[in-house]
Amino acid sequence: MLFRRLGYTILLAGTLLAAPASAQLRMLSNTPQAPDPLAAPSIPDPLVEAPPLRLSLMQGDQDKLGDDKFQPEIGQAGKDVIWVPTPDSLVKAMLTVADVKPTDFVVDLGSGDGRIAIAAARDFGARSQGVEFNPDMVALARRNAQKAGVANKVTFLQGDIFETDFTDATVVTMYLLPSLNLKLRDTLLKMKPGTRIVSHAFTMGEWEPDRTITTDDASGYFWLVPANVSGRWAFEVGNERFATELGQQFQMLSVARGGPLRDGRVKGTGVHFTRANGQELEGVVRGDQMVGRGWVATRIRTGG
Ligand SMILES: C[S@@+](CC[C@H](N)C(=O)[O-])C[C@H]1O[C@@H](n2cnc3c(N)ncnc32)[C@H](O)[C@@H]1O
C-alpha cells in the first residue's frame, strides 16, 4: 500500500475548534486537566452546528507536515484558533466549487502551511495570498511555495486576519471557527458582489450556504457574496409597469404579500424572481439597475 496508515487518527469535533485556543490545546492533550476553579461555567455554544469531523492522517499527509527547518504539530496553538490542516481532497474540492480561475486572486485566512494558497496557484493558475499569524508557519509556507514552483504567484503575509485588508480577493477560503466566521461576516458581505467564499467545516450563522461540499474526510460550505437589492424598485416587464419594495437578508429577498412578486433570491450578481402570475424573471444586478431578458428594474429608493 502506497500510504501506510499511521494509526494517528484525530477525532476532531466541532466543539474542539469552537473552543478558545487554550481550551483546544487542553482538549488535544492526553494529560487530564484538574478543573480550573476560576474558569467560567461552560455554556454550550449554539453556533456549533458541524458534526464531528474525522480526519485520518495517512503517511503521505504526515510527510508533508513541515520540512527540515520547521515541523509544525497538528493542534499547535494559534492566535485565535489552533492549526489543523485541511485534507488535500477537500482543498481541491473547495477550490473547484469556487471555480477558481487564472484571473482570480485567492486569499486563505489563517493559511497554516500554505496548502490552500499554494494549490490555488499550482493547480488552478490563480494568484493567491495566505494570511497567517505564526511567523514559523509563514516561513514554512513560503518554502513550500518555492518547492511547488509557485513562489511568483503566491505571497504569505504574517499578520492578524482581523487587521489585514483582504477585500480585493475574488475568492476567500478559511478553516477557522464558527465564532471567527461570524466576526468576519460583515466584512465578507461588504465585498464585491459575486465574491466567492469557502469555509472548511464551519458555517456563517444565518447566512445560509449556497452549496455544501463533502469529501470522504471532511466537509465545507460555499457562499457567493450577494448584491444588495434592498429598497423600492420600479419594474418594467414587457408593457407592464409596477413598483415594489424588496427586503433582503443575505441572499433571501422578502416581497410584500399580495404584491406583484411572489418571491425572489439573489445569487451573487444574479437575481431571480417569481411574479404573482407565475412568470419567472432572471436577471443581473448592476448597481441600481436589474436587467433581464424582456425586463428591467430601476431602484427608486435604497433599503435600510
Ligand atoms: C485550522 S488552521 C487552517 C490552516 C489552513 N487554512 C488549512 O486549511 O490547512 C487555522 C490557522 O489559522 C491561524 N490563525 C489563528 N488565528 C489567526 C489570526 N488571528 N490571524 C492569522 N492567522 C491566524 C493558525 O495559526 C492556523 O495556522
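In each ligand, atom 1 is the first atom listed, and ligand 1 is the first ligand listed. One-based numbering along the sequence shown.
Considering backbone and side-chain N/O atoms, Gly110 comes within less than 3.5 Å of an N/O atom of ligand 1. Ligand 1 has a nitrogen or oxygen under 3.5 angstrom from a nitrogen or oxygen of Asp80. Residue Ile161 has at least one nitrogen or oxygen atom sitting less than 3.5 Å from a nitrogen or oxygen atom of ligand 1, judged on distance alone. At least one N or O atom of Phe133, backbone or side chain, sits closer than 3.5 Å to an N or O atom of ligand 1. When only interatomic distances are considered, the shortest N/O to N/O separation between Asp108 and ligand 1 falls below 3.5 Å. Considering backbone and side-chain atoms alike, Asn134 places every N or O at 3.5 Å or more from each N or O of ligand 1.
With respect to Glu280 and Arg262, no salt bridge is recorded, no charged nitrogen being found less than 4.0 Å from a carboxylate O.
Asp288 places no side-chain N or O within 3.5 Å of a backbone atom of Thr298 that could act as its donor or acceptor partner.
Residues Val271 and Arg265 form no side-chain contact, since every pair of their non-hydrogen atoms from C-beta on lies 4.5 Å or further apart. Side-chain atoms of Phe235 and Thr244, non-hydrogen and from C-beta on, do get closer than 4.5 Å to each other. Side-chain contact check for Leu65 versus Ile74: some heavy-atom pair is nearer than 4.5 Å.
Annotation: cation-pi pair Arg142/Phe156 absent, no NZ/CZ under 6.0 Å from the ring centroid and within 45° of its normal.
Atom CG of Leu261 is separated from atom OG of Ser254 by 11.0 Å, given to the nearest 0.5 angstrom. Taken to the nearest 0.5 Å, the CG atom of Leu90 stands 11.0 Å off from the CZ atom of Arg115.
Near Gly159, meaning under 4.0 Å from one of its heavy atoms, ligand 1 places the atoms 20 (N), 21 (C). Atoms of ligand 1 found under 4.0 Å from any heavy atom of Ile116, numbered from 1 in the order shown, are 8 (O). Close approach of ligand 1 to Pro85 is summarised as follows: ligand atoms under 4.0 Å from at least one heavy atom of the residue are 9 (O). Of all the atoms in ligand 1, the ones that sit under 4.0 Å from a non-hydrogen atom of Ser111 are 5 (C), 6 (N). Atoms of ligand 1 found under 4.0 Å from any heavy atom of Gly78 (numbered from 1 in listed order, with element): 25 (O).
Here Arg115 has side-chain heavy atoms under 4.0 Å from ligand 1, and that is the only part of it that gets that close. When heavy-atom distances to ligand 1 are checked against a 4.0 Å cut-off, Leu109 has no atom that comes that close, whether in backbone or side chain. Only backbone heavy atoms of Ile82 (N, CA, C or O) come within less than 4.0 Å of ligand 1; its side chain stays farther off.
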- Message: Please evaluate residues Lys69 and Asp67 with respect to the criterion salt bridge (charged side-chain N to carboxylate O under 4.0 Å, His left out), reporting the C-alpha separation (whole Å), side-chain torsions for both, the decisive distance (0.1 Å), and the verdict.
- Response: CA-CA 5 Å; Lys69 292 200 173 73; Asp67 58 13; over 6 Å; no

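Of the candidates Lys79, Glu132, Met137, it is Glu132 that places a heavy atom closest to atom 27 (O) of ligand 1. Around atom 9 (O) of ligand 1, the closest heavy atom drawn from Thr86, Val81, Asp160 belongs to Thr86.
Counting heavy atoms of neighbouring residues, nucleotides and ligands inside a 6.0 Å radius, atom CZ of Arg211 does not exceed 12 of them. No more than 12 heavy atoms of other residues, nucleotides or ligands sit less than 6.0 Å from atom CD of Glu73.
Within the structure, ligand 1 lacks Gly130 among the residues with a heavy atom less than 4.0 angstrom away.
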